[in-house]
Amino acid sequence: MKIYNFEDSLLTDTQRGIEIVAPHLKKVEGIYGYVDSSFDDSYIPVISGGGAGHEPSDWGFVGGNMLTASITGKLFEPPMPEEIIKVAKAVTKKKRAFFIIKNFEKDVRVFKQAIEYLRNIGWSIEYGIVNDDISVDASSLRKYRRGLAGTILIEKIIGTLAKNGKSLVDLKMVCKQLLPETKTIGLAFSDSVLYKQSCHTLSLGKDDIYYGIGIHGEAGYRKEHWQKSELMAREIVNKMRLNFRWQKKENVALLVNNIGKISPMEELTFTADITELLELEGLKIPFIKTGSFMTSHDMSGISVSILRLQDKWLEYLKQPSTCYAWPNSI
């Protein structure tokens, strides 16, 4: 049973709810954009965005020590360049910003168009394109490298650095270091249904699972019949090992993301299985987050993101934030 029928007004109705649960956000009039109301223009704003249907991403991460502003498009569609420009101008009078972009063709195109325009009118802009997905196209073995939930770990570190007064050059340098150390694999248990098109984005049977899916229902690398949580966790850890080539005693941050429809009991069980397997690999995990951070509209699934920690990244992750969707560590 649904509490709504999909229609264009859904995004407006969603915004009504956002303004209730996150009163620290200031709405950018006429679009699905939000600014941290406490931002005083004394440091470089960090801006991110993408399509709707992934809530609480990205508005849920707007707040102190994280994003300064977010901009959201229609369901599974990025915002328009002019909307991105409008948010940037609403954030700052100092004509400077750092953008965090997820690696999807449309997202990259519209954000680069907005950045080009802003630079042409005198803005100082830097950006990072997050490509944490390590799933592989089974036919060509070409890495998809889409932007998934690992984006949130990068937003936290870059947002904290910005709040601490780091320059655009510093933010770009650290983001460049973060990107190859951040990796994600997602898996789905059911399709994401696009109500307006009345179609399913994946072809999954009742007891199927699909490894390597994207947050818009893009294809993964292998379908299988349902398995126990431990076996699914083992598949993900094996894939991570091949990509990281980690060494024992390395420190990693772990983000277990509920893409949708997974119960808290299942989410916690899966988190425990992933954690135990990583510890058997000899890794240290001083930072663990589990919850719904980047969802996919109506899909049932889960993803795992791992960040190999360097320098003061752990310290930045643990800095408290005022945003809605980032529970502060104890």
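Hydrogens, waters and symmetry mates are skipped; everything else that's a heavy atom, side chains included, is used.
Panel note: side chain Ser57, backbone Met294; no donor-acceptor pair is recorded below 3.5 Å. Side chain of Lys156 to main chain of Tyr316: a donor-acceptor pair is present (N/O by atom type, distance under 3.5 Å, no hydrogens or angles). Looking at Asn65, its side chain does come within 3.5 Å of a backbone N or O of Pro320 through a donor-acceptor pair. A donor-acceptor pair is defined here as one N or O able to donate and one able to accept, closer than 3.5 Å; such a pair exists between the side chain of Glu55 and the backbone of Gly53. Of the possible polar contacts, one joining the Thr68 side chain to the Val46 backbone as a donor-acceptor pair under 3.5 Å is found. In this structure, the side chain of Glu83 engages the main chain of Met80 through a donor-acceptor pair within 3.5 Å. One N or O on the side chain of Lys86 and one on the backbone of Glu29 form a donor-acceptor pair closer than 3.5 Å. Side chain of Lys318 to main chain of Trp313: no donor-acceptor pair is present (N/O by atom type, distance under 3.5 Å, no hydrogens or angles). A donor-acceptor contact shorter than 3.5 Å links the side chain of Ser48 to the backbone of Ile100. Looking only at distances, a side-chain donor or acceptor of Thr322 sits under 3.5 Å from a matching main-chain atom of Gly64.
Nearest heavy atoms, Leu179 versus Val130: CD2-CA, 3.7 Å. Listed here is the closest heavy atom pair of Trp326 and Ile152: CZ3-CG2, 3.7 Å. Shortest non-hydrogen contact noted between Met299 and Gly214 is CE-O, 4.0 Å. Closest approach of Gly212 and Ile185 over heavy atoms only: N-CG2, 4.3 Å. Ala233 and Phe270 make their closest contact through N-CE1, 3.8 Å (heavy atoms, listed as atom of the first residue, atom of the second, distance). The minimum heavy-atom distance linking Ala162 with Tyr43 is given by the pair O-CB, 3.2 Å.
Side-chain polar atoms of Ser303 and Thr184 form no donor-acceptor pair below 3.5 angstrom. For the residue pair His216/His297, the side-chain donor-acceptor check at 3.5 Å is not satisfied. Of the N and O atoms on the side chains of Glu82 and Tyr117, not one donor lies less than 3.5 Å from an acceptor on the other residue. Remark: the Gln319 side chain and the Thr160 side chain contain no N/O donor-acceptor pair separated by less than 3.5 Å.
Phe111 places none of its side-chain heavy atoms less than 4.5 Å from the side chain of Pro81. Side-chain contact between Glu235 and Leu231 is absent, with no heavy-atom pair separated by less than 4.5 Å. Taking 4.5 Å as the limit, every side-chain heavy atom of Val252 sits out of range of all side-chain heavy atoms of Leu309. Within the 4.5 Å cutoff, no side-chain heavy atoms of Cys323 are placed close to those of Val62. For the pair Leu161 and Val174, the minimum side-chain heavy-atom distance is below 4.5 Å. Tyr34 has its side chain out of reach of Thr72: every pair of non-hydrogen atoms, C-beta onward, lies at least 4.5 Å apart. Residues Val110 and Phe104 have side chains not in contact (no heavy-atom distance under 4.5 Å, counting atoms from C-beta outward). At least one side-chain heavy atom of Pro45 sits less than 4.5 Å from a side-chain heavy atom of Phe39.
Leu118 and Ile71 fall within the same hydrophobic cluster, where Ile, Leu, Val, Met, Phe, Trp and Tyr residues are linked whenever their side-chain heavy atoms come under 4.5 Å apart, directly or through other members. Put simply, Tyr127 and Leu171 are part of two different groups of oily side chains (I, L, V, M, F, W, Y) that touch within less than 4.5 Å, one to the next. Note on Leu280: it clusters hydrophobically with Met232, by side-chain heavy-atom contacts below 4.5 Å among ILVMFWY residues. Hydrophobic clustering (ILVMFWY, side-chain heavy atoms < 4.5 Å, transitive): Ile84 and Ile101 are in one cluster. Put simply, Phe99 and Ile44 are part of two different groups of oily side chains (I, L, V, M, F, W, Y) that touch within less than 4.5 Å, one to the next.
By the 6.0 Å contact criterion, NZ on Lys27 is enclosed, its count of non-hydrogen atoms from other residues, nucleotides or ligands being greater than 12. Environment of NZ in Lys223: crowded, with over 12 heavy atoms of neighbouring residues, nucleotides or ligands closer than 6.0 Å. Other residues, nucleotides and ligands contribute more than 12 heavy atoms inside 6.0 Å of the NZ atom of Lys94.
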### Task
Kindly indicate, with the supporting measurements, whether the criterion side-chain contact (heavy atoms from CB on, under 4.5 Å) is fulfilled by Arg234 and Asp273.
CA-CA 8 Å; Arg234 188 175 300 168; Asp273 288 335; over 6 Å; no
### Criterion side-chain contact (heavy atoms from CB on, under 4.5 Å) on Ile47 and Ser70, from CA distance to verdict
CA-CA 6 Å; Ile47 304 170; Ser70 69; over 6 Å; no
### Message
Determine whether Lys248 and Glu281 satisfy the following criterion, salt bridge (charged side-chain N to carboxylate O under 4.0 Å, His left out), listing intermediate values before the conclusion.
### Response
CA-CA 7 Å; Lys248 289 185 177 180; Glu281 293 283 321; over 6 Å; no
### Query
When you look at Thr269 and Ser229, which way does the side chain to side chain donor-acceptor pair (under 3.5 Å) test go after all the steps?
CA-CA 7 Å; Thr269 298; Ser229 172; over 6 Å; no
### Message
What verdict does the side-chain contact (heavy atoms from CB on, under 4.5 Å) test give for Leu254 and Thr275, after you've listed the backbone C-alpha separation in whole Å, the side-chain angles of each residue and the deciding distance to 0.1 Å?
### Response
CA-CA 8 Å; Leu254 172 66; Thr275 301; 3.6 Å; yes
### Query
After noting the C-alpha distance and the side-chain angles of Thr151 and Leu148, does the key distance pass the side-chain contact (heavy atoms from CB on, under 4.5 Å) rule?
CA-CA 6 Å; Thr151 305; Leu148 301 180; 5.8 Å; no
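Here the straight-line distance linking atom CD of Glu218 with atom CZ of Phe76 works out to 8.5 Å at 0.5 Å rounding. With rounding to the nearest 0.5 angstrom, the OH atom of Tyr210 is 9.5 Å from the OG atom of Ser135. Taking CH2 of Trp226 as the reference point, atom CD1 of Ile209 lies at 9.0 Å (rounded to 0.5 Å). Atom CD1 in Ile302 sits 8.0 Å away from atom CD1 in Ile236 (nearest 0.5 Å). Atom CD of Glu266 and atom OG of Ser300 lie 7.5 Å apart (nearest 0.5 Å). The distance from the CG atom of Leu277 to the CD atom of Glu230 is 6.0 Å, given to the nearest 0.5 Å.
For the pair Lys183 and Phe244, the cation-pi test (distance below 6.0 Å, angle within 45°) is passed.
Ion pair Asp298/Lys261 flagged as a salt bridge, since at least one NZ, NE, NH1 or NH2 atom sits closer than 4.0 Å to an Asp/Glu carboxylate oxygen. Using a 4.0 Å cut-off between charged side-chain N and carboxylate O, Glu250 and Lys284 make no salt bridge. Salt bridge status for Lys112 with Glu116: absent, with no side-chain N to carboxylate O gap under 4.0 Å.
Using the six-membered ring where Trp is involved, Tyr221 and Tyr211 have ring planes that are parallel, under 30° apart on the 30 and 60° scheme.
Of the residues Asp133, Asp132, Asp107, the one that meets the salt bridge (Lys or Arg N to Asp or Glu O under 4.0 Å) test with Arg146 is Asp133.
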